[in-house]
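Remarks on the structure that follows.
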Amino acid sequence: MTRPISRRAALAGLGLAAASAGCLGRTENIAGRDPPSQLTLEINTTPADADPNGIRIARQLEEHLTAVGVDVRLNTVGQTDLWRKVLINQNFDLYVGQFVETEPFDADALYGLTHSKFVAESGWQNPYGLTEIAVDDALERQRRVSGDDRTDVVGSLQETLCELQPFSVVAFPDALTAVREHRFEGWTEDSRPLSVTGLLELDAVADGSDDGGSGSDGSETNDSGTGGSTDGNASTEDAAGGDDGTLRLVTTDDRITENWNPIAAEYRKYGTFTGLLYDPLVRADGDAVVPWLAADWERVDDDVLEVSLRDARWHDGEPVTATDVAFTYRFLRDTSLGSVETSVPTPRFRGRSSLVDDERVLDESTVRLTVPDVNETVAARALQVPILPKHVWSERTGAATIAGFELDFETTEAVVSNNPDPVGSGPLRFVEAESGESVVFERNPDHFLVRPADSEETTDPRAGVPSRYRGKPAFDRLRIEVLPSDISAVESVSDGLADATVSNLGPASVPLIGRSADARLVSGRSAAFYHVGYNVRRSPLSNPRFRSVVARLIDKSALVDDAFDGYARAAASPLAASPNAVPDSVAWDGDTDPVHPFFDDEGSLDVEAAKAALRDIGYRFDDEGRLLSRGQ
């Protein structure tokens, strides 16, 4: 039997149901919302032994980000792993590192570094993931115009990049090198061992004698009698090399003992030694461009360059031909040459090789390159890529495999190969290497720099090459030994076991050099600027206003004074090594960044000002001062 429900009870029941439904919906809405959490960012860089400057920049940024409430993870990895993470896998939030060009570079280098057409490629091609039409337009236009018009465009481009901050330029360090001038001379600020031309400009000391660390018979001895390094310094047997014509260099970077692939971005620093193994068609020589593997080049119409080659041979004896040149440009566009579904561009040199649309072999020593609608300066950059032998690299175009298993992503053997027994055409040939220990190169007696003209040749094989490079290199062999620290590297030079250091010396090494009677400090300005790179594919780094706040947390002046001990220059623009290319609006003046000034409170971080800037762009903090994530 049912009992009638009164109207009052029915209304009450409806009210309860309605209230319950509203509560349920509200509960669901609350439950469906993730509570805000503290913003977390990871800074990647190399450890202090590998790069004392980079870790100091990273630690300052870590300290300042933490002060404004960010949960910071400082991740130190080896140099190869850092570049693999940043350049190849693009799996990072922020990183601290150094750009790879030591000499002042043309503004067109920014094309590869920031153009959105490279956003899907690996390597030093837009590793930040920037996609900005204004940047693309300026990058394209600076390639077409010349003179004052180009100066204006490049100035505008720098202003836009400084405003957007896909990376924050921190400082241009001085290249600090310890040298010993008893056996080779020519170590000057303008001729550093960090560069190809610096090594080629060295001259042997006339008497070839070295009064430090040598035995009575001119060879150096080792107390252990084993010839190996026992104290972290260069080994005495290795240093002597049994040959007074051996140039002995020491470094803390072991990558050159493991990999000689000129297109492997993660293994190359400045490319100095692979630059001696592989010749480009032309080479930058200060402000000039000089013929190198190319005997000559000319523009036959607005879009076409015709290049004629010198008589040259690969290190295995095969002739260098126009077919090799044409192959190189096709290969740099797609290292698979169509053998995998999607093209696999080279991780290096894409900014330059992308200038060439087509190539045509006219005869064995002449090739035509289609380089449309660019000025002469940019066209010359297209000719500065390493020329590769077709008969070697065409065998590496297949999909990369590990132990016979094809990888589940598209890459090629060419990209991942260590390039054992490299076959180039350059002035040095590979001899041998012991991974992590040392590598030896020898002079290429067939190179055009050292080959005199014979009676049947109508032209000088070195025509057009500046006289200071003729007959070079001045050494018969080049030995590079890996040491564990800057200190041991400097001590090896001081003790006569090495002729020079070639890795980045930290300023702490300078007093040690000063205490040595036989070592001298060579300090030259470098274009290899330190910077903080942001992965703009990821929130909150995708927000240029957030990047602007992070940039203002970097106290560049303090880093130059404290971390670099004055051996660096703070800067805002990546072109600051060429001051004439930098407009006043982004030129460093005094102690303050002209675009993103440090939140300065009488020499310390103004935490409240930084937090206020974050609040202004919509961020909030919890009761404990932690910066809350917005959808991270």
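Remark: Y267 engages no residue in a ring-ring contact (aromatic ring centres under 6.0 Å, His included) (not counting sequence neighbours). Residues passing the side chain to side chain donor-acceptor pair (under 3.5 Å) test with R537, sequence neighbours excluded: Q90, N535. Partners of P511 according to the side-chain contact (heavy atoms from CB on, under 4.5 Å) rule, which considers only residues two or more places apart in sequence or in another chain, are R515. Under the side-chain contact (heavy atoms from CB on, under 4.5 Å) criterion, R520 pairs with V179, E181, W187, V522, not counting sequence neighbours. By the ring-ring contact (aromatic ring centres under 6.0 Å, His included) test, Y619 is found to be paired with F546, residues two or more places apart in sequence or in another chain being considered. Shown here are the side-chain contact (heavy atoms from CB on, under 4.5 Å) partners of T66, two or more places apart in sequence or in another chain: E62, V72. Under the side-chain contact (heavy atoms from CB on, under 4.5 Å) criterion, D562 pairs with A558, not counting sequence neighbours. The salt bridge (Lys or Arg N to Asp or Glu O under 4.0 Å) test applied to D137 returns no partner, not counting sequence neighbours. By the ring-ring contact (aromatic ring centres under 6.0 Å, His included) test, Y128 is found to be paired with F167, residues two or more places apart in sequence or in another chain being considered. Looking at residues two or more places apart in sequence or on another chain, you find a ring-ring contact (aromatic ring centres under 6.0 Å, His included) between F172 and F529.
Within 6.0 Å of the CG atom in D591, the count of heavy atoms belonging to other residues, nucleotides or ligands does not exceed 12.
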Side-chain atoms of residues 378-386: list all donor-acceptor pairs with protein atoms under 3.5 Å, sequence neighbours left out, distances to 0.1 Å.
unit_1, atom_1, unit_2, atom_2, d
R381, NE, D108, OD2, 3.1
Q384, NE2, A380, O, 3.2

Side-chain polar contacts of residues 569-584 - donor-acceptor pairs under 3.5 angstrom, sequence neighbours left out - could you list them?
unit_1, atom_1, unit_2, atom_2, d
R569, NH1, D174, OD1, 3.0
S573, OG, Q158, OE1, 2.6
S573, OG, L575, N, 3.1

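Contact check on K269 versus D51 returns no salt bridge, with no Lys/Arg side-chain nitrogen under 4.0 Å from an Asp/Glu carboxylate oxygen.
Outside the 6.0 Å centre-distance limit, the rings of W124 and F118 are not counted as a close aromatic pair.
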